[in-house]
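FYI, the numbering just counts along the sequence from 1. Bear in mind that the values here come from a model prediction, so they are computed numbers and not experimental data. Start at 1 and go down the list; that is how both ligands and their atoms are numbered.
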Amino acid sequence: MISFDEARARLFTMAHPLGKEPVALAKAAGRVLAEAVVARVDSPPRDVSTMDGYAVRSADLEEPPVRLRIVSEVFAGADDPGSIASGECARIFTGAPIPAHADRVVVQEVVEKDGDCAVFADAPSPGRNIRVRAGDFAAGTALLTEGTLLGPRQMVAAAAADLAEVTCWRRPRVRLLATGDELADPGSARGRPGAIPESISFGVDALVVRHGGEFCGTLRLGDDLAAMERAAGEALRQSDLVVVSGGASVGERDFAKAAFDPHGLDLLFAKVAIKPGKPVWLGKAAGKLVLGLPGNPTSALVTARLFLAPLVAGLAGRPAAPGDAWTTMVLGSPLGANGDREAFIRARRSDDGRVYPLDNQDSGAQHALAYADVLLRSPAHAQALPAGASVPGIEF
Ligand SMILES: Nc1nc2c(c(=O)[nH]1)N[C@H]1C(S)=C(S)[C@@H](COP(=O)(O)OP(=O)(O)OC[C@H]3O[C@@H](n4cnc5c(N)ncnc54)[C@H](O)[C@@H]3O)O[C@H]1N2
Ligand code: MOO
């Protein structure tokens, strides 16, 4: 049995990006850049107006009131904004290019239109109301760096660079084998005596997607070693990472590891000194990664959060461990003393900003998962802590 830190260190040696691929910009939200996004254009491409109003020469407005002849109308997207001479102005709208010789835009609210003339009663306010060419960025500027996760804000910057596609890290394809004779598809358990709904795969699917992977489906299997060996081979061919739930412990039908033996399973670890989740294991087979989660649903989700999430994130090229940094949290109620394995306590974050350990810490619990916002880390043999004490925690 190895420590949590040692198990994670071994896992991180495997958590490298899988490869690059071009991705259409419209499909790139949520993906991670494998190459920087470099602007192909200046932004804005020309000097443009920031307001609706009149483009003028400042020299003409030195002795107000002034009447200037309106010689053109310029809209955003205009090919050629023309030019103005002394005594002239141009009607202009937000985003429209500035006519030659104009050096300022006066907002229409302070201008009186009189036939084909504009009347300026007062000296204009100091702002020129012009956004200069390349004032935001120039062609050739790196707007986003390699490793950036494309969220809503980054998508705007990528599109503004005038790119139809971006180069992203390939997403790891993950398949799950859910083992256990007692398991039934949700919706069908009550029709079969002794059956329970298979729940873990649904949490793993959501977790894989959240951390940047592609969930490619679940194979539900009975505790039949030959069938599991065949399914293991199929899953290894079709994915980058195979997750197996259940059958991780020492029961007579716990076949999870054995199913991968004919495919050359090489274990990185099996059994970690944590509670819950001691039977979690990681290996390689047929050049792919295999992660075994314990069958108890809370154990499965805790180990998925602690091991699967950073593994998927690393394979997806996400920055080291997003959302994986332990932060200091303040207990709203006492935390009991700990036993001889490092413990990950399920707790609920309250509106008062404090965290409250849940009453039900059973590794088979499923209802409590609905409320367990955070995991608190409690070292082996830790003493009990009172309300108000600080503990390390992460989002669960
Ligand atoms: N003698 C020992 N017994 C056990 C040990 C041990 O060290 N010595 N370890 C215990 C620990 S810790 C855990 S955790 C469990 C994990 O066992 P398995 O990974 O072999 O899981 P199963 O036996 O297959 O299932 C456990 C439990 O979870 C239910 N289950 C399984 N898969 C699902 C699923 N996909 N969806 C919903 N529920 C699932 C299953 O019905 C069982 O009730 O072993 C302890 N035993
Ligand atoms: O340590 Mo097991 O994984 O919870 O009951």
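Between the side chain of Gln383 and the backbone N or O of Leu385, no donor-acceptor pair lies under 3.5 Å.
At under 3.5 Å, not a single nitrogen or oxygen of Ser299, backbone or side chain, sits near a nitrogen or oxygen of ligand 1. Close N/O approach between Gly277 and ligand 2 is found [any backbone or side-chain N/O within under 3.5 Å]. Of the polar atoms of Gly247, at least one N or O is found under 3.5 Å from an N or O of ligand 1, judged by distance alone. Looking at Ser201 next to ligand 1, no N or O pair under 3.5 Å apart turns up. Every N/O-N/O distance between Gln366 and ligand 1 stays at or above 3.5 Å. When only interatomic distances are considered, the shortest N/O to N/O separation between Lys275 and ligand 2 does not fall below 3.5 Å. Backbone and side-chain nitrogen or oxygen atoms of Pro294 are examined, and none is located within less than 3.5 angstrom of a nitrogen or oxygen of ligand 1.
Distances from atom 33 (C) of ligand 1 to the heavy atoms of Ile200, Leu176, Thr303, Leu293 show the closest one on Ile200. Looking at Ala343, Ser299, Ala300, it is Ser299 that brings a heavy atom closest to atom 4 (O) of ligand 2. Among Asn296, Val280, Thr179, Leu177, the residue whose heavy atom lies nearest to atom 27 (C) of ligand 1 is Asn296. The closest non-hydrogen atom to atom 11 (C) of ligand 1, taken over Ser245, Gly180, Pro279, Gly277, comes from Pro279. When Pro276, Ser199, Gly364, Gly295 are checked for heavy-atom proximity to atom 32 (N) of ligand 1, Gly295 turns out nearest.
Checked against a 6.0 Å centroid threshold, the rings of Phe396 and Phe344 do not count as neighbours.
In Glu198, the parts holding a heavy atom less than 4.0 Å from any atom of ligand 1 are both the side chain and the backbone. The residue Lys271 has no part lying near ligand 2, judged by heavy-atom distances below 4.0 Å.
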Exercise. Carefully, step by step, assess Arg69 and Glu88 under the rule salt bridge (Lys or Arg N to Asp or Glu O under 4.0 Å).
Key: CA-CA 5 Å; Arg69 203 158 62 80; Glu88 295 177 346; 3.5 Å; yes
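Residue Glu182 approaches ligand 1 through these ligand atoms, each under 4.0 Å from one of its heavy atoms: 40 (C), 41 (O).
Between Phe93 and Phe75, the two ring planes are parallel [angle under 30°; tilted spans 30° to 60°].
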